[in-house]
Structure formats: structure tokens, C-alpha cells
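This structure is a prediction, so every number in the text was calculated from the model and none was measured. The chains referred to below are lettered A, B, ... by the order of the sequence lines, with proteins before strands, and numbering in each begins at 1.
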Amino acid sequence: MEYNFRKIEADWQKYWADNETFKASNQSEKPKYYVLDMFPYPSGAGLHVGHPLGYIASDIYARYKRHKGFNVLHPQGYDSFGLPAEQYAIQTGQHPATTTEANIKTYRRQLDNIGFSFDWSREIRTSNADYYKWTQWIFIQLFNAWYNLDSDKSEDISTLITLFEADGNATVKAACDDEIDAFTATDWNAFSEDKKQAVLLQYRLTFLSETEVNWCPGLGTVLANDEMVNGVSERGGHTVVRKKMKQWSMRISAYAQRLLDGLNTIDWPQPLKDSQTNWIGRSQGAMVSFQIEKFEEKIDVFTTRPDTIYGVSFMTLAPEHELVQKIVTDEHRATVEEYIKATSKRSELDRMADVKTISGAFTGAYALHPFTGEKIQIWIGDYVLASYGTGAVMAVPCGDQRDYAFAKHFNIAIPNIFADTDISETCFEGKEGVKLANSDFLNGLPYKKAMKTIIYELEKRSIGYGKINYRLRDAVFSRQRYWGEPFPVYYKNGLPQMIAKEFLPIALPEVEKYLPTEDGKPPLGNAEVWAWDTEKNEIVNTDLVNDTTVFPLELNTMPGWAGSSWYFNRYMDASNTGDFVSKEAVDYWQDIDLYIGGSEHATGHLLYARFWQKFLFDLGHLPKEEFAKKLINQGMILGTSAFVYRLEGTNKFVSKGLIGDQKVQAIHADVALVNTSDELDVEGFKNHPLNRDYKDAEFILEGDKYVVGREVEKMSKSKYNVVNPDQICEEYGADSLRLFEMFLGPLEQAKPWKTSGISGVHSFLKKLWKLYLVDEKFSVNEEAPTKDELKTLHKTLKKVEEDIENFSFNTSVSTFMIAVNELTAAKCNKRAILEPLALLVSPYAPHIAEELWKNLGHTGSISTVDFPVFEPKHLIESSKVYPISFNGKMRFTLELPLDMSKEEIEKTVMAHEKTIAQLAGRTPKKIIIVPGKIVNLVG
RNA sequence: GCCUUGGUGGCGGAAUUGGUAGACGCGCUGGAUUCAAAAUCCAGUUCCGGUUUCGGAGUGUGGGUUCGAUUCCCACCCAAGGUACCA
């Protein structure tokens, strides 16, 4: 009876599907456990072996938890809105829904081949109207809410209206747009309905605002900063211009502090927390106003060091600062203009490459020091960014490296305000251990006291106030694209109106072209049926728009992160048509216990999802403020590319070992054409559909082989180094693939894929299978196990449980191999050992485990059978003593059974005194007992 | 520059609380089986020297703590990822 993995795997995958083995129930006596993968974007290329790494890890954990008696929720779905499907549609005219559907089919087949224990009855797709109906509903909730800084949470907009009606906006403390005019209750009540709506819009958690964006006419869309390289678009290299657009924004900044605080309550990797912390960028300091001499205007600056205000000797504005043009004197205008021009030309790359060059220009204008009244030069410099703080800094050269360098370069005075500090060579950037000097009422004060005093003075004199500044910006939520969620919004008198819940979803309309319209409207501008009839409450033809009952619908769509910011809650109750998730379901499942995915989502998805979760929590829709208790970042699997070497200027390919000093050009060869000994299938290479030019190429062989070169790179189609999991499953089986992906190395680390290594885990499975056979027939005996056999079993059990709990799946595979080798050597064929062994292997290699379980005479699936219980007494039979060092003194290590009591340990140690006395030649003086298993005996 | 993670054989990687470094796998070498091959099994495999018992070096580099350091401390070098002049 051979290990026929193809049949075994096909049979059990069918069994699991037919019996809905992994369907989770929303009620159970068992404790709950929710394991989730970041759901994939179904791309046209299908899965490569890098994708399933995290899924295999989470599947092992999910299966382990089922064996441990948990009611496990382990769902999967698709983040199916996105740009690639739209780009493909633009090129081919195929509807994105069609290609997305086809891609999902491929994904599903590939995922099924690997034997995941997903509960597919809960599958979700963000592009399904049943799903995005609730994305739209959440948007409406955000629109109908404001952030109350007094209660420090989001509240329904009606509470704000009540406040306005009673007191106007004087007493309201809200997270909102910066410049809102004050109004009284009387004013408010006298406002027209439109005026009221316009005011409220400035307070809502999602709001319309004029935002300057990177507009790319070539792609007809707005680009994120990281979609641009050197001022042109990353894809296509089209030019990009700055353009103001009216767009939806999300007031994530209202949650800045709570997003920071929440990090302390969740078990996420420190690097990921650090990058969120940096992204939010909290800094504590003060706003200070500087009066400009001979002008009405003041310059506001944010500073983290208001205590150093007496060290200010100049100010620097960003070249783009709005006051620059106004205050520059005629004498300096030419130089300033020239500098601004030069700055705008400098690419990001230039600015990055040369941090050391100091540049700037004097405006000729002066500000007045708020305390001394002294005249201070106002400069512009490109080290000050318009986008951070107020776009202006008060320069304290004695206390800031950049200000110091600037002052030295332009010969500006560097007054020293730190007592007993030498600043002739460099500035003093520290806070502690120095007292202020030359600072009037701050003289002699240390940092903390000075900060308090200066903020008190600033506020008393109304020239500034203490402030906490965040780098985090509000998130732009509009996209000029087709393949995304439509907004549930129509416009009446230019003001946005929400569509009521009962008329959702607002389904994506059909369009002829997926490109923006000729006059620059988003793709939805092409739709003929895209207006809202407020009487019929349905979508009607745009021709019917009038100013009383039919209004135009929003043309933008939501960004990719909308659907992924709440999907984990939907899995709890995926088919609910009346609510985004029912109260019962979310009260039962609560939150994700384990979330696995890549670290590239650190400041995107993982920040937005936390924001929405907190918002829905504030409104009482969710019981938890953080959506995932524990998170693990799996590392990337890299490809091992193969190279062939063409002699320069010829069509001759030379084998790697024969290159020598010859000039060659390295060309990627498809890794599928290379065997495990790095030999190229030359005929295959010549006939490869993508290598037409090399059909008649000549190959110079080493012996009779052509040997390729190898290099580790990111797995990608263009590098011909993609390994398809289907091939591996076909050749070695899904269980081999699962074991091997884990065996490659630590889950969180990036590691290269090398197909050659898979034979090791595959032969382990064959050996495991053979353990259960006698004379080619399935047979186990009922004899009692020996001590050694029990030791093997319990050693394996202990290690495997520890490994799974610590997510070091790679070492468990080794442990299994050792166990199988030991049991093979002992010719162990006993049920008492082999039955628990099958259980242990089950999370890792579920198909073979199921088959063994069946052959052991059990019915049903192994998947919820309890794990065997670890008994420490089987591990170490007797104590063993050995000397560990000799250096004047002699020490010994004594290995003891794990379950020994203190008294027993002492007894054993005494018993070993004799042995030690013999080894050392004298009796030990002192005995150090370390709790655990090692005892040091000082001789 | 800053933050984070890491650096161990030909390769991927083990090593608990500081206690026999190199588990396990790949590769390689030799052997068994076979007409032969595949498959399987056995033995060896950190490096350098004697090569049967052995000696020396050795976990990026240089120091330190310790009877004892891959592990702890300090400084440095290198690599990967993140971030971008944050006032």
C-alpha cells in the first residue's frame, strides 16, 4: 500500500466540503477562537508559493485550536475592488466584474488544493452589493457623527445640533475644520437649512473639502505620493500636476491620540507599532505668534521647544508659505523669487540625496520677538516644509542642528541660552542636565519647569498656547475610479445628502467606458442611469435631473481601503441582510484572536481599520475598541532566479562554470526549465514561447550540462522565478507543500524558496505512512509501548505544542522527522504511539492524518479530536550527571525528570554526591539548585 | 541620518533561564540493494593539521562581565525592511 497522496488529498478535500467539516457555529459550549488571514486581492496571475505562507500558518493554528477544544472561526474572502481589474477593463473592454469573478475561481481552486480549513459558507467579496451595502451604511454613520472632545468619543450629529440650538458653537469642543466662524444660538436658529448643513459639514467625521492632490491626466486619476517617482506616475511615467479638488475626507485625526493609546492594549509586533506611532507623529509643544514688523499679519509657528524662545535669532518660512510674497522687500524680491523657483525644480530625489547643502534666502522683512521686541530676520529655506505644522519655524540655532547649520552658513547670530555649555562647534540638542540662561524670567530653570512657565506666560499674554501636534492627516476618501464602492450620496443645492438605509445598496452603474469623461469627470460620469429620484427613492436616468425631485449622484467611488476596514466583523455574520453584523454574533465572537498578514499594511489598512473599529465602538455597534488582539507579520518568500549567460554580441550561451573572464550578459531563464542540480533544459529553453530570439542559439556545455547561475529576488512573473503551488501539489502533494513552507524558516522572516529541499519533507511523509504498515498492509498492534517509545511520543508532543503556541512552526517539522526516524528504528507499530502521533501531525499535514485516522478504525474527521495529554514523567527517565567545566573549581550538571518535587530533587542531588565525589575527587561544598531541570554542584 | 530586525558550515536554518555549538533538512562523499536506473536503507560531512586513539581554531569585528557567552553589557562593521529635513 503506497502513500498515494493524490487520491488521499482529493478524497479528504471532497469529504470536508461535503460534510461542511469546518463550518463554524455562532453558538457553542466551547470557548471561541477567531483566526483570520488578511484577505487577498484576486489578481490575474493567480497564487504563487509565496502567497499561502501566512494561510498555512493560520490554518495550522486554527486546526490546533480545534484539537484543543475551541469553537474556531476561520473564514476567507476577497478584497475584490481594485485598480488592476479596472486597468485591465480599460485595455480590453471586459467588465471588471467578469475578470474578478474568473480570478476568484482560480484562487478558490488553488486554495482548495492546499487543504485549508476555511469556513467557506462565510465567504465575502468587497465588490458584492450585499457586502458594500454595509460599507455604504458605515459611511453614512460617519457622516452623521461628530467627534466630541469633551466626552472624547464620536457622537451622533443630533447631539451637536442640540448644543448649537442652546449655545451656538462657543462652548462646543469638537475635532473639526480649523477656521469655523463663531455663532450664537440665535444666529444658528436664524440660519437657513442650507447654511446649517454647510456648518455641520465642517464637523462631520466624513466631510467634503478642497484638497490639493496629485492629479495625473494620463491615468485620469489622483495618485498617492508613493505612486509617484520623480514627479511622474510610477505606472506609465505620465506627468503629474497639483490640482485642487473637492473630495471626501475622513477625520482620522480626531482619533490620533486614541490610536496611539490603543497600541498599548494589543499584542502586535513592535516594529509595526513603531511605524504606526511614527506615522501618527505626536509632538508636544506650543503655538507661538510672531508679529511681522510693519504688517498686520502674524507668523504662527509650532515648536516643541518653546522654552528656548530667548534663543530665537531668525525665522524660517517654507518657500511656499503664503506670506512670503507679501512681506518680501523689493530689494530682496529677485533673490527670493529665484530661490522659490529653484526649490520647486528640485526633485524629491535631489532633496534626499543632499541633506548637507544649506540653502535659503533673506526676505528683507523682520518679525518682532514676542518677549524682547527685538527685530528678527525672516528667511525662507527649503528645510522647512509647507505641509507640516504651520510651514514656519522659529529658529533657535543654539538648540537645533539644522538651525545651527543655517545660521553658521548665513552668518546669523547664535545667542547661547544654555548655561555652562559650549556651542562654538555644535549646538546643544539635549533637554536634561542643563539650565537656561540669558532668558529673562526663565533663567536658571531646567527643561520641564521652563516648559511649564513659558506656556503659562504665552497663554497669559495671549501670544501663544500649549499644543499637541500630530503628523497624521485626515485621509482622502474619494477616488476617480470605476471599480470601487459608490457613495450613497446625491447633491441638492450643491450640498451632499445621504440616502436612507432602506434604499441601500446604491449599486455600481453600468458604463460604456471605464476611463474618466472627456471633461475630466470620474468614470461614473459616463453612466446614463445615475441620478436619484427622491420621490420614488430609486436610481434613474441622468436626463431626468431637475431641481425639485431628481438629483445627481456622487461620481467618485471609495478607495481600496474602505471595504477592508471592517470586513473582519462581517465574517461573524456574513449573510445578515438587516444589519452589518448582528448584536448576538458580534457579542459572541467579539474580536480577532489571531490576525496574520504582511507588514506592508502597517500604516494603511491596519490604521484605517483601527479607526473605523473605534468609531463603530463609540456608537455602540461593536463591543471591542480594537479589532485584533494579536497580529503576526509573515515574511515574504523570495524566488531563486536562474540566469543563463550570453556572450556579449553573440547568440552563444556559455555554462556558468566556463565564463571565466569573458564578457557575458545575464538573462533570466524560467525556473521551471531548471532541475534541482541547476542544469538547464536546453531544448526547453530554445522552444520557450517567450524566448523566440534564442531558437537557434548555441550552447557551450560543461561536460554534457548547461549550468545556470542563481540569485535570490522577489518572486515575480517578469523574473521568471515564480513557482506555482499547483505544480508542487501535483508532484509532491499539499501536505508536502504545507510542511515545506513551514520548514523553510521562521514565519516572520523573509526566506528564499528552493524546490530542491522539498524531497526531505516528502520522504518524511512516506516514512510516516510506512510506520502504520506491516508487509505492505495497514496494521497496528495493541501492545503496551516501551519507555523509549513513550519518551519519543511525549518529547514530540511537548515540542510541537510549544512550537505552535510560539508560532515557530519550522522547528516542529524537524521534531516530527526525529520522531519518525526513532520509531522506524525501533520498529514501533503500536496503536498507543501511532494514534496520538497522527493527531499531532494533523494540523500540519491534515490529509495524511485523516487517512491514517480512518485506517486506525475511526469514523468521521480527525479535526475535532482532542490532542493527547502531555505527561512529563515520560521525558527523562533517570537523572544523569556530567561535569561541565574545570577551572580550579569543578562543576557538574545534573539532568532531572521534569515533574520532580523539590524534596525529590534534593534527594536525588544527595544521591549523586557520591558520583560527584568520585569524579571530582572530593565532596561538593555547595549545591546550587536552579528551578527547572539543571542543578549546579560546586565542587 | 533615524527607527526596527538580523549576521552561526557549501545552503536553509537549530540551540530552553548563560551550561557538550552546528539539531533537522538540502547538497556532497562512500557503501548496501539492483543487470542498470529510480526509489529505499546505512555511514560520513564546521574548518585547519596529524589522519586509528588526537591537537588547534571557531557563532560579523574589537573589548567587557562570568568558572563558563551564539545567548548578557559597551563600541564598531555589514545586510534587509520602514521612514524622510517633523521645527
Side-chain angles (χ1 to χ4, degrees), chain A residues 2 225-226 269-275 277-279 281-283 285 288 301-306 308 315-316 318 348 351-352 354-358 381-385 387-396 399-403 405-406 469-471 599-600 602-603 633 635-636 638 640 676-678 710 712 739-740 743-746 748-764 766-767 770 799 802 806 808 810-819 821 824-825 882-893 895 930-936 938-939:
Chain A
E2 270 198 16
N225 281 332
D226 53 75
Q270 196 55 43
L272 196 153
K273 287 188 184 181
D274 290 346
S275 71
T277 306
N278 289 337
W279 194 262
R282 179 191 206 263
S283 44
V288 186
V301 300
F302 174 75
T303 173
T304 53
R305 296 295 302 275
T308 62
M315 300 190 77
T316 315
E348 297 237 326
R351 283 177 152 210
M352 281 197 293
D354 113 271
V355 202
K356 300 237 160 82
T357 309
I358 295 148
D382 66 1
Y383 77 97
V384 178
L385 302 178
S387 61
Y388 182 77
T390 62
V393 299
M394 59 174 226
V396 183
D400 180 280
Q401 187 50 53
R402 287 180 319 248
D403 296 345
F406 197 92
N469 201 45
Y470 297 94
R471 201 175 77 125
S599 57
E600 66 272 21
T603 52
N633 290 131
M636 207 192 317
L638 304 164
T640 310
T676 51
S677 316
D678 292 353
R710 294 288 201 173
V712 172
L739 282 168
F740 186 54
F743 186 66
L744 274 174
E748 292 170 85
Q749 211 168 285
K751 49 215 167 264
W753 174 274
K754 271 180 123 181
T755 305
S756 59
I758 203 166
S759 64
V761 292
H762 187 64
S763 65
F764 154 72
K766 285 196 276 193
K767 285 186 215 170
K770 270 196 192 156
K799 185 82 170 89
E802 271 174 14
N806 297 324
S808 24
N810 53 329
T811 49
S812 309
V813 185
S814 304
T815 310
F816 288 137
M817 288 174 175
I818 296 168
N821 287 340
T824 305
Y882 55 89
I884 52 169
S885 84
F886 185 72
N887 189 355
K889 296 167 188 170
M890 188 183 263
R891 277 146 203 264
F892 302 88
T893 289
E895 269 187 13
V930 183
K933 53 199 145 160
I934 288 161
V935 180
N936 284 341
V938 184

Worksheet item: Dot-bracket for RNA chain B, 5' to 3', with Watson-Crick and G-U pairs under 3.5 Å, [ ] for crossing pairs and | for other-strand pairs: what is it?
Response: (((((((..(((......[....)))((((((.......))))))((((....))))..(((((..]....))))))))))))....
Worksheet entry | Euclidean distance, atom CG of residue Asn469(A) to atom P of A87(B) [Å, nearest integer] | 9 Å
Worksheet item: Which residues pass the ring-ring contact (aromatic ring centres under 6.0 Å, His included) test with Phe406(A), sequence neighbours left out?
Response: Phe314(A), Trp379(A), Tyr383(A), Phe410(A)
Fill in: Test ring-ring contact (aromatic ring centres under 6.0 Å, His included) applied to Phe743(A) - qualifying residues, sequence neighbours left out
none
Item to complete: For G31(B), measure the glycosidic angle (O4'-C1'-N9-C4 for a purine, O4'-C1'-N1-C2 for a pyrimidine) and name it syn if it falls within 90° of 0, otherwise anti.
Response: anti
Worksheet item: Which part of the nucleic acid, if any, lies within reach of Asn821(A) when heavy atoms closer than 4.0 Å are counted: base, sugar-phosphate only, or nothing?
Response: sugar-phosphate
Worksheet item: Under a 4.5 Å cut-off applied to non-hydrogen side-chain atoms, are Val761(A) and Met817(A) in contact?
Response: yes
Fill in: P-based separation of G22(B) from A15(B) [nearest Å]
13 Å
Practice prompt. Could you state the atom-to-atom distance from NZ of Lys770(A) to P of A39(B) in whole Å?
Written response: 12 Å
Worksheet item: Within the structure shown, what part of the strands sits under 4.0 Å from Asn810(A) by heavy-atom distance: base, sugar-phosphate, or nothing?
Response: sugar-phosphate
Response to the item:
Across all chains, not counting sequence neighbours, the side-chain hydrogen bond (donor to acceptor under 3.5 Å, both in side chains) partners of Gln401(A) are Thr426(A)
Item to complete: Consider the side chain of Arg471(A), meaning its heavy atoms from C-beta on, and name the nucleotide among G82(B), A39(B), A84(B) that approaches it most closely.
Response: A84(B)
Fill in: Separation of the C1' atoms in A39(B) and G50(B), to the nearest angstrom
40 Å
Item to complete: For U8(B) and G60(B), measure between their C1' atoms and round to the nearest Å.
Response: 10 Å
Worksheet entry | Single hit among Asp400(A), Leu385(A), Thr316(A) for side chain to side chain contact (heavy atoms under 4.5 Å, CB included) with Val393(A) | Thr316(A)
Practice prompt. Could you check how far CZ of Phe764(A) sits from P of U40(B), rounded to whole Å?
Written response: 15 Å
Worksheet, complete the sentence: Per atom distances to the Ile818(A) side chain, the nearest of C24(B), G82(B), A87(B) is C24(B)
Fill in: side-chain hydrogen bond (donor to acceptor under 3.5 Å, both in side chains) partners of Arg282(A), counting only residues at least two apart
Gln257(A)
Worksheet item: How would you label the contact of Asp274(A) with the nucleic acid (heavy atoms, under 4.0 Å): base, sugar-phosphate, or nothing?
Response: sugar-phosphate
Item to complete: Answer yes or no: is there a side-chain heavy-atom contact under 4.5 Å between Val396(A) and Arg305(A)?
Response: no
Discussion item. Tell me every residue that passes ring-ring contact (aromatic ring centres under 6.0 Å, His included) with Phe302(A), counting only those two or more places apart in sequence or in another chain.
Written reply: none
Discussion item. Quick check on RNA chain B: between Thr304(A) and Lys767(A), whose nearest nucleotide comes earlier from the 5' end?
Written reply: Lys767(A)
Discussion item. Quick check for you: among G12(B), U40(B), C24(B), whose closest atom lies nearest to any side-chain atom of Met817(A)?
Written reply: C24(B)
Worksheet item: Which listed nucleotide (G12(B), C85(B), A87(B)) is nearest to the side chain of Tyr383(A)?
Response: C85(B)
Worksheet item: How far does the C1' atom of U17(B) sit from the matching atom of G68(B), given to the nearest Å?
Response: 15 Å
Worksheet item: Is the shortest side-chain N/O distance from Tyr388(A) to OP1 or OP2 of C85(B) below 4.0 Å?
Response: no
Practice prompt. Name the nucleic acid region contacted by Pro269(A), choosing base, sugar-phosphate or nothing; use a 4.0 angstrom heavy-atom cut-off, strictly under.
Written response: nothing
Fill in: Pairwise P distance for U45(B) and C24(B), with rounding to whole Å
12 Å
Practice prompt. Take atom C1' in A21(B) and the same atom in U29(B), then report the distance between them in whole Å.
Written response: 24 Å
Fill in: Minimum-distance nucleotide (side-chain atoms of Trp279(A) versus A84(B), C24(B), U40(B))
A84(B)
Discussion item. What contact category does Thr316(A) fall into here, base, sugar-phosphate, or nothing, at under 4.0 angstrom with non-hydrogen atoms?
Written reply: nothing
Worksheet item: Counting side-chain heavy atoms from C-beta on, which of C41(B), A23(B), A87(B) comes nearest to Ser814(A)?
Response: A23(B)
Practice prompt. Please identify each residue that fulfils salt bridge (Lys or Arg N to Asp or Glu O under 4.0 Å) with Lys799(A), with sequence neighbours left out.
Written response: Asp803(A)
Worksheet entry | Integer-rounded Å distance: A80(B) C1' and Lys751(A) NZ | 14 Å
Worksheet entry | Residue mapping more 5' on RNA chain B - nearest nucleotide basis, Leu744(A) or Gly760(A) | Leu744(A)
Worksheet, complete the sentence: Residue set satisfying salt bridge (Lys or Arg N to Asp or Glu O under 4.0 Å) with Glu802(A), at least two apart, ordered chain then number -> Lys798(A)
Discussion item. What's Lys799(A) touching, base or sugar-phosphate or nothing? Going by heavy atoms closer than 4.0 Å.
Written reply: nothing
Worksheet item: Where the side chain of Phe743(A) is concerned, which of A14(B), A87(B), C24(B) is the nearest nucleotide?
Response: C24(B)
Practice prompt. Sugar-phosphate means primed atoms, P, OP1 and OP2; the rest is base. With that split, encode nucleotides 5-11 of chain B 5' to 3' as B, S or - using protein heavy atoms under 4.0 Å.
Written response: ------S
Discussion item. Looking only at the side chain of Leu385(A) (C-beta and beyond, no hydrogens), which of the listed nucleotides G13(B), A23(B), A87(B) gets closest?
Written reply: A87(B)
Practice prompt. Could you tell me whether the side chain of Phe740(A) reaches within less than 4.5 Å of the side chain of Phe764(A), counting heavy atoms only?
Written response: no
